[in-house]
Amino acid sequence: MKALCDGNDLAEAVGKAIKAVSTKTPNPVLGNIKIDAAPGTLTLTATDTELTIETSIVADVSDEGSILVPGKLFSDFTHKLTGERIELDFSGGKLTLRYTDSSSEFACANVDDYPEVPTVLEAQSFCMSNRDLKDLITKVAFSVCQDDARPILKGVLLEIEDETVTAVALDGYRLAKCVKPIHDTTALMQAVVPARSLSEISRMLDDSDDDVKIYVQRNWLKVDLGHTSVTTVLLSGDFVPYRNIIRSNFETTVTLPCEQFSDSLERAMLLSRDDKSNPVRFDITERMLRISSNSGAGNIDEKLPVVTVGPDLTIAFNAKYFTEMLRVCGADSITVKFNSPADPCVVEPAGGSEDFLYLILPVRIGQ
């Protein structure tokens, strides 16, 4: 293999592919990046068997072929060569990089040992904008379960309908749901996608209205980003019937500004950080939300002006679940809906024009 390419392009491509290089595996070959040289193109591929990233760059290829380079070392090295024009020359089991008047060599693994990457047929697909897909992932992926005991909850449920895609994530203490428009779909479908894979996809998306196409085929999902594609295995099993969890009728609703609410909760968490449950008490009256927390480190008692409809209520929550939601909800004000101190609350952006819903279970504390 012999090719010439721009150092910036190579470094960017390696930086994308390295996200799928396995760091914890008994199979050392998965620590490599595969480079395929074809006329006019270098294609870099990395996989950990769950997540696969393929990305292509323009190159002057004089000798076609495939090689396997050590992923992390090659990534760190090419990151330092972004301003150079680079020649890649593979022979005798080694890759030589030539740049300006210098050269470096990398020992390469046997390319025949690299696993076959999944091929996702274009049987089912849907389209949506970069901006909407990125926002969809941001608003739900943080709520997945981190416990291996229920693997299905480490993923995000995607429900694709005629005009919308609904994403849902939950961990047993909270639930996040977001609905976004899609431009077209070839079928109604469902898929549970590992949150880690969605997070890597999100990092590659921009805030444009350009379309991104998503393919679903049996156990795989593929996102086509033009010169880059991301393929992930889907989680198997039955997702929680989340619609049964979300109530539609509430006795008390409170509307309040996000920024003030978030600041108050962050201060409360500082004083309760030695307690993993971060318990914060809400005393709700017609025009005021009193936020209080007591711990060995100190006490906090703050009052926020709110608009309340319904009876007064005292309830407590893990403050972390609120603060994490407030960081991604993107609203100036929220409406929080309650029934009793033992029932979960539902949070929605105020005004009802947004596409985000959040449910949080309360905690029990002494009165």
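Note that the coordinates shown come from a computational prediction; the quantities given were computed from them, not determined experimentally.
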Review point. Is the closest side-chain heavy-atom distance between F74 and V14 below 4.5 Å?
Key: yes

**Study point:** Minimal non-hydrogen separation, D63 against A37, with atom names
**Key:** O-CB, 4.2 Å

Point to revise | Exceeds 12 heavy-atom contacts within 6.0 angstrom, atom CG of D332 | key: no

**Study point:** Heavy-atom side-chain contact between T164 and K180 under 4.5 Å
**Key:** no

Check your understanding: Got a second to check how far L234's CG is from Q217's CD, nearest 0.5 Å?
Key -> 10.5 Å

Exercise for review: Report the C-alpha distance between L44 and I33 in whole Å, list the side-chain angles of each, state the deciding distance to 0.1 Å, and finish with yes or no for side chain to side chain contact (heavy atoms under 4.5 Å, CB included).
Suggested key: CA-CA 7 Å; L44 285 74; I33 294 175; 4.1 Å; yes

Check your understanding: So, S199 side chain and A195 main chain: donor-acceptor pair closer than 3.5 Å or not?
Key -> yes

Point to revise | Minimum heavy-atom distance R85-D6, with the two atoms named | key: NH1-N, 3.4 Å

Practice item. Apply the test side chain to side chain contact (heavy atoms under 4.5 Å, CB included) to residues T49 and L30: give CA-CA distance (whole Å), side-chain angles for both, the deciding distance (0.1 Å), then the verdict. Key: CA-CA 8 Å; T49 70; L30 297 180; 3.9 Å; yes

**Study point:** F317/Y173 aromatic ring centres below 6.0 Å
**Key:** no

**Study point:** Result of checking D89, L88, V69 against L97 for side chain to side chain contact (heavy atoms under 4.5 Å, CB included)
**Key:** L88

Exercise for review: Would you please say whether a donor-acceptor pair under 3.5 Å links the side chains of D36 and S66?
Suggested key: yes

Practice item. May I ask you to say whether D147 pairs ionically with R150, meaning some side-chain N is under 4.0 Å from a carboxylate O? Key: no

Check your understanding: How far apart are the C-alpha atoms of T231 and T52, what are their side-chain angles, what is the distance that settles it, and do they pass the side-chain hydrogen bond (donor to acceptor under 3.5 Å, both in side chains) test?
Key -> CA-CA 5 Å; T231 304; T52 300; 5.8 Å; no

Exercise for review: Establish whether I137 and V193 are linked, either directly or via other cluster members, by ILVMFWY side-chain heavy-atom contacts under 4.5 Å.
Suggested key: yes

Point to revise | Within 6.0 angstrom of R218 CZ, more than 12 heavy atoms from elsewhere | key: no

Point to revise | Sidechain N-carboxylate O distance under 4.0 Å for D206, K134 | key: no

Review point. Can you check side-chain hydrogen bond (donor to acceptor under 3.5 Å, both in side chains) on T45 and Y114, steps first, answer last?
Key: CA-CA 10 Å; T45 303; Y114 205 66; over 6 Å; no

Point to revise | Residues E87, K2: salt bridge by 4.0 Å N-O rule | key: yes

Exercise for review: Identify the heavy atoms of P341 and P362 that sit nearest to each other, and give their distance.
Suggested key: O-CG, 3.4 Å

Review point. Hey, which of V168, L136, I214 is the one that makes side chain to side chain contact (heavy atoms under 4.5 Å, CB included) with L158?
Key: L136

Study note, to complete from the structure: Residues L359 and I245: closest non-hydrogen pair is CD1-O, 3.8 Å

Check your understanding: Using 4.0 Å as the upper bound for N to carboxylate O, is an ion pair formed by R98 and E105?
Key -> no

Check your understanding: Under 4.5 Å between side-chain heavy atoms, hopping through other hydrophobics if needed: is there a path connecting L326 to I360?
Key -> yes

Practice item. Kindly indicate whether the side chain of V58, heavy atoms from C-beta on, has any atom under 4.5 Å from the side chain of T41. Key: no

Review point. Taking 4.0 angstrom as the limit, do K177 and E159 come out as a salt bridge?
Key: no

Donor-acceptor list for residues 251-265 side chains, cut-off 3.5 Å, not counting sequence neighbours:
| from | atom 1 | to | atom 2 | distance (Å) |
| --- | --- | --- | --- | --- |
| T252 | OG1 | P311 | O | 2.8 |
| T255 | OG1 | T335 | OG1 | 3.1 |
| S264 | OG | E302 | OE1 | 2.8 |

Point to revise | Salt bridge R131-D135, side-chain N to carboxylate O under 4.0 Å | key: no

**Study point:** hydrophobic_cluster_shared for L304 and F338, side chain cutoff 4.5 Å
**Key:** yes

**Study point:** Side-chain heavy atoms of P115 within contact of T47, under 4.5 Å
**Key:** yes

Practice item. Kindly say whether the aromatic ring centers of F106 and F77 come within a distance under 6.0 Å. Key: yes

Point to revise | Crowding at NZ, K303 (>12 non-hydrogen neighbours, <6.0 Å) | key: yes

Exercise for review: Quick one: do D283 and R281 satisfy salt bridge (Lys or Arg N to Asp or Glu O under 4.0 Å)? Show the steps, please.
Suggested key: CA-CA 7 Å; D283 291 290; R281 174 169 162 159; 3.1 Å; yes

What side-chain donor-acceptor pairs closer than 3.5 Å can you find for residues 345-352, not counting sequence neighbours?
| from | atom 1 | to | atom 2 | distance (Å) |
| --- | --- | --- | --- | --- |
| E348 | OE1 | K337 | NZ | 2.8 |

Study note, to complete from the structure: Rounding to 0.5 Å, atoms CE (M1) and CD (E64) come to a distance of 11.0 Å

Practice item. I would like to know whether K139 and D355 meet salt bridge (Lys or Arg N to Asp or Glu O under 4.0 Å); could you show each step before the answer? Key: CA-CA 10 Å; K139 285 183 174 176; D355 48 25; 3.6 Å; yes

Practice item. Would you check if V223 and M204 make a side-chain contact, meaning some heavy-atom pair closer than 4.5 Å? Key: no

Practice item. Answer yes if L95 and L68 sit in the same cluster of Ile, Leu, Val, Met, Phe, Trp and Tyr residues linked by side chain heavy atoms under 4.5 Å apart, and no otherwise. Key: no

Practice item. Find out whether I284 and T314 are in side-chain contact, i.e. whether some heavy atom of one side chain is under 4.5 Å from a heavy atom of the other. Key: no

Point to revise | salt bridge (Lys or Arg N to Asp or Glu O under 4.0 Å) evaluation trace for K80 with D76 | key: CA-CA 7 Å; K80 306 295 184 181; D76 292 343; over 6 Å; no

**Study point:** Side chain to side chain, V21 and D48, heavy atoms closer than 4.5 Å
**Key:** no

Review point. Between atom CG of N318 and atom CG of L361, what is the distance when rounded to the nearest 0.5 Å?
Key: 11.0 Å

Check your understanding: Which atom pair, heavy atoms only, marks the closest approach of F239 to I152?
Key -> CE1-O, 3.9 Å

Exercise for review: Could you tell me whether E200 and K16 have a side-chain N and a carboxylate O separated by less than 4.0 Å?
Suggested key: no

Review point. Which heavy atom of V156 sits nearest a heavy atom of A169, and at what distance?
Key: CG2-CB, 4.1 Å

**Study point:** From CA spacing to verdict: salt bridge (Lys or Arg N to Asp or Glu O under 4.0 Å), R327, E266
**Key:** CA-CA 11 Å; R327 291 183 193 127; E266 293 282 0; 3.2 Å; yes

Review point. Can you check whether Y242 reaches T166 side chain to side chain, under 4.5 Å on heavy atoms?
Key: yes

